[in-house]
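Heads up, the thing below is written out as structure tokens.
In the text below, chain A, chain B and the rest are named by the order of the sequence lines, each starting its count at 1. Side chains are part of it too, since the values below use all heavy atoms of this structure and drop only hydrogens, waters and symmetry mates.
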Amino acid sequence: MRRSRVKDILASGQGGPVLLKGWVRTRRDSKGFSFLELNDGSCLGNVQALVDHSRELSPLLERLNTGAACAVAGELVASPAAGQKWEVRVSALTVYGEADPETYPLQKKRHSDEFLRTIAHLRPRTNKYGAMLRIRSEMALAVHGFFRERGFAHIHAPILTGSDCEGAGEMFRVSSLEPEAVAALSPVEREAAEFFGRAAGLTVSGQLEAEMLALALGDVYTFGPTFRAENSNTPKHAAEFWMVEPEMAFADLAEDMDLAEALVCGLVRHALTHCAEDLALFVSFVDKTLMATLTGILDKPFVRLPHAEAIRVLQASGRSFEFPVHEGSDLQTEHERFLCEEHFKSPVIVHDYPKEIKAFYMRLNDDGATVAAMDLLVPRIGELVGGSQREERLEVLSRRMAEAGLPSEPYWWYLDSRRYGSAPHAGFGLGFERLLMLVTGIANIRDVIPFPRTPRNLEF
RNA sequence: UCCCCGGUAGCUCAAUCGGCAGAGCGGGUGGCUGUUAACCACUAGGUUCGCGGUUCAAGUCCGUGCCGGGGAGCCA
């Protein structure tokens, strides 16, 4: 007999013979029989199983404590008691793996996020992390669905990269050489000995490669792991995270903002319609205002305002910020939060930043002072998306690189795309984990990644 | 990396002015009941994060290291 999933059992319309395999969430003993509550990860809910203290079943039942893995076979019947629609009358029991209650860390009680992080290998068995991981999976599929519907090609940007200076952040070095062997080598010898014959690292962004493919396939996107060796110790930074990076040929900044807004709204809408049960857990136990936040995002168009206008709003607010704002200054976290959480009470897209505070590849506007960049800010998270129209004019791009102090040789292939058939194009990066934080209300990025990598944390 | 806060039983926390180490939950044992965060009784459980110092006496005060959280910067 094939095993039934809890999800299907709970939704089934009729009883009958059933085989269920899962992990014991709790066991309640009565005189003569016990209740087992089983979860198999297919959904938030459990199925209650009724086990008689018969001569055959009792010895097996005693081995089934919270956390143990087992199979129950029996009859699915309507439950006579309140609390559940169905229950399984167990006729046969198999114990796959016991869980010693003296040492099994998960108890039938609420645990702190901090404690659960120390047992990241077991926390997916809790309601909260199970729900988060199901939503994470569903959101990843929704990303692909969103772009597929719009005719974007999913492309795989390399994870190993030789371009050292993409400007997005500190890069992890990758080498196949033994550290002891390297110590004895001169820089030139080392380069020759390296696997790639040159320094290599983990990608900090697939953007440059995505641009090449957008200039061939039209509309493309990458969705993959990204690595930053920044010593960032905050609830919204991780050393390894997943980023969604669309890139559109023949698109300008306005179309870029349109896409970002559509993507965020599309994903939020998808969560509301496809993850309702798991989302309800976060509404009850993590963030009471979550529903209002999510529906608020869908309610009205995002506010869009030029950077200079944002500065004026901040100056006119009468607020005394720790970092006073002035023309040309970058927005601090306190400013971003004020704009979207207090002033507009809405997601805000700030665009057309002073060129001095943005990357070299962003398209220089006609004013010569600003670039066609945009940041999408959302309540609580801050920057969810960062993007721009790219500089497609070879001369301007070369000049901007020189101004930024970047050597042009390593970028010969990037510049080639501006030499041959260059075209306007635009794209952005969306932090997948930050999106999950937005959708679930989870406050720390370490809790939306199964095995988070942050400074000094590489266990599991 | 900087600033602030914290580290006490398996977990969440308390411990007054520096004066005998405590509770709830979880675990174990027994009881009871179609139970459902079950309930009742009993019970075991401690290098108070490490190192050094002050003191008759340190969980408590001082120094230092490690770890965790919050804020900032960097950004997705």
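- Distance check on atom C1': B/A14 versus B/A57 gives 22 Å, rounded to whole Å.
- In this model, a donor atom of one side chain and an acceptor atom of the other lie less than 3.5 Å apart for A/S79 and A/Q84.
- For the C1' atoms, the distance from B/G27 to B/U12 is 16 Å, rounded to whole Å.
- Look at B/C17: it lacks any Watson-Crick or wobble partner with both distances under 3.5 angstrom.
- Look at A/T333 and you'll find a side-chain N or O under 4.0 angstrom from OP1 or OP2 of B/G73.
- Atoms CG (A/L331) and P (B/C75) sit 12 Å apart, rounded to a whole Å.
- Among the protein residues, A/E87 comes within range of the nucleic acid bases, having at least one heavy atom under 4.0 Å from a base atom.
- Comparing B/C61 with B/C74, their P atoms are spaced 36 Å from each other, to the whole Å.
- Atom name P, nucleotides B/C13 and B/U1: the rounded distance is 27 Å, in whole Å.
- Judged by the 6.0 Å distance and 45° axis criteria, A/R150 is positioned over the aromatic ring of A/F146.
- Looking at heavy-atom distances under 4.0 Å, A/P80 makes contact with a base.
- Looking at heavy-atom distances under 4.0 Å, A/S79 makes contact with a base.
- Between A/F321 and A/H335, the ring planes lie perpendicular to each other; the angle is over 60°, past the 30° to 60° tilted range.
- Straight-line distance from the NZ atom of A/K236 to the C1' atom of B/G70: 14 Å, rounded to whole Å.
- Side-chain N/O atoms of A/S232 include none lying less than 4.0 angstrom from OP1 or OP2 on B/C75.
- Summarising the geometry of A/E209 relative to A/A157, their closest heavy-atom pair is CB-CB, 4.4 Å, with the distance given to 0.1 Å.
- B/C20 and B/G28 have their C1' atoms separated by 28 Å, given to the nearest Å.
- Summarising the base pairing, B/G6 is matched to B/C67 through a Watson-Crick or G-U wobble pair whose two defining distances lie under 3.5 Å.
- The CD atom of A/E336 sits 12 Å away from the C1' atom of B/C74 (whole-angstrom rounding).
- Here B/U33 is the nucleotide among B/U33, B/C11, B/C75 with the atom lying nearest to any side-chain atom of A/K31.
- A donor and an acceptor atom never sit less than 3.5 Å apart when one is taken from the side chain of A/H111 and the other from the base of B/C11.
- A/Y361 and A/E211 form no side-chain donor-acceptor contact under 3.5 Å, judged by distance and modelled atom types alone.
- Ring geometry for A/H111 against A/F115 counts as tilted: the plane angle lies between 30° and 60°, on a 0 to 90° scale.
- Comparing B/G27, B/G34, B/A72 against the side chain of A/F323 picks out B/A72 as the nearest.
- In this entry the distance linking NE2 of A/H237 with P of B/C2 reads 18 Å, nearest Å.
- In this entry the distance linking CD1 of A/I357 with P of B/G73 reads 13 Å, nearest Å.
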Could I get a table of every N or O pair under 3.5 Å where one atom is in the protein and the other is in nucleotides 37-48 of chain B?
from: B/A38; atom 1: OP1; to: A/K108; atom 2: NZ; distance (Å): 2.9

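- Relative ring orientation between A/F360 and A/Y414 is described as perpendicular, the plane-to-plane angle rising above 60° on a 0-90° scale split at 30° and 60°.
- With its ring centre under 5.5 Å from that of the base six-membered ring and a plane angle below 30°, A/F241 counts as stacked on B/A76.
- Counting heavy-atom neighbours within 6.0 Å of A/F285 CZ, excluding the residue itself, gives a total of 12 or less.
- In this structure, the CG atom of A/L202 is 16 Å from the C1' atom of B/A76, given to the nearest Å.
- Using a 4.0 Å heavy-atom distance criterion, A/V244 is classed as making no nucleic acid contact.
- Heavy atoms of A/R89 sit under 4.0 angstrom from at least one base atom.
- Heavy-atom distances to RNA chain B give each of A/L50 and A/S112 a nearest nucleotide, and the one nearer the 5′ end belongs to A/S112.
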Let me see the working for A/E247 and A/R390 under salt bridge (Lys or Arg N to Asp or Glu O under 4.0 Å), right down to the final yes or no.
CA-CA 10 Å; A/E247 196 70 35; A/R390 320 305 189 187; 2.9 Å; yes

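- In this structure A/E240 satisfies the salt bridge (charged side-chain N to carboxylate O under 4.0 Å, His left out) test with no other residue, sequence neighbours excluded.
- Here the two rings, on A/H121 and A/F460, have centers that are under 6.0 Å apart.
- In this structure, A/E240 atom CD and B/C75 atom C1' are separated by 16 Å, rounded to whole Å.
- A/Q332 comes within 4.0 angstrom of sugar-phosphate atoms only, judged by non-hydrogen atoms across all strands, and of no base.
- One cannot find a donor-acceptor pair under 3.5 Å joining the base of B/G26 and the side-chain atoms of A/E102.
- The residue A/Q48 sits close to a base: some heavy atom pair falls under 4.0 Å.
- With values rounded to the nearest 0.5 angstrom, A/L314 atom CG is found 12.0 Å from A/H326 atom NE2.
- Distance from the side chain of A/Q84 is smallest to B/G34 among B/G73, B/G34, B/C75.
- With hydrogens and angles left out, the side chain of A/E230 and the base of B/U1 share no donor-acceptor pair within 3.5 Å.
- In this structure, the CD atom of A/E37 is 14 Å from the P atom of B/U35, given to the nearest Å.
- B/U48 and B/A37 have their P atoms separated by 37 Å, given to the nearest Å.
- Rounded to whole Å, the separation between the C1' atoms of B/G26 and B/G18 comes to 33 Å.
- In this structure B/C39 sits in a base pair with B/G31, meeting the Watson-Crick or G-U test at under 3.5 Å.
- A/F35 comes within 4.0 angstrom of a nucleotide base, judged by non-hydrogen atoms across all strands.
- Nucleotide B/G73 is matched to nothing when pairs are restricted to Watson-Crick or G-U wobble geometry with both distances under 3.5 angstrom.
- Counting non-hydrogen atoms under 4.0 angstrom, A/L384 reaches the backbone sugars and phosphates but no base.
- In the displayed structure, A/R28 atom CZ is contacted under 6.0 Å by more than 12 heavy atoms of other residues, nucleotides or ligands.
- Look at the P atom in both B/G34 and B/U29: the space between them is 22 Å, to the nearest Å.
- The side chain of A/P101 approaches B/G28 more closely than any other nucleotide in the set B/G28, B/G73, B/A76.
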Could I get a table of every N or O pair under 3.5 Å where one atom is in the protein and the other is in nucleotides 66-69 of chain B?
from: B/C67; atom 1: OP1; to: A/R456; atom 2: NE; distance (Å): 2.8
from: B/G69; atom 1: OP1; to: A/R117; atom 2: NH1; distance (Å): 2.3

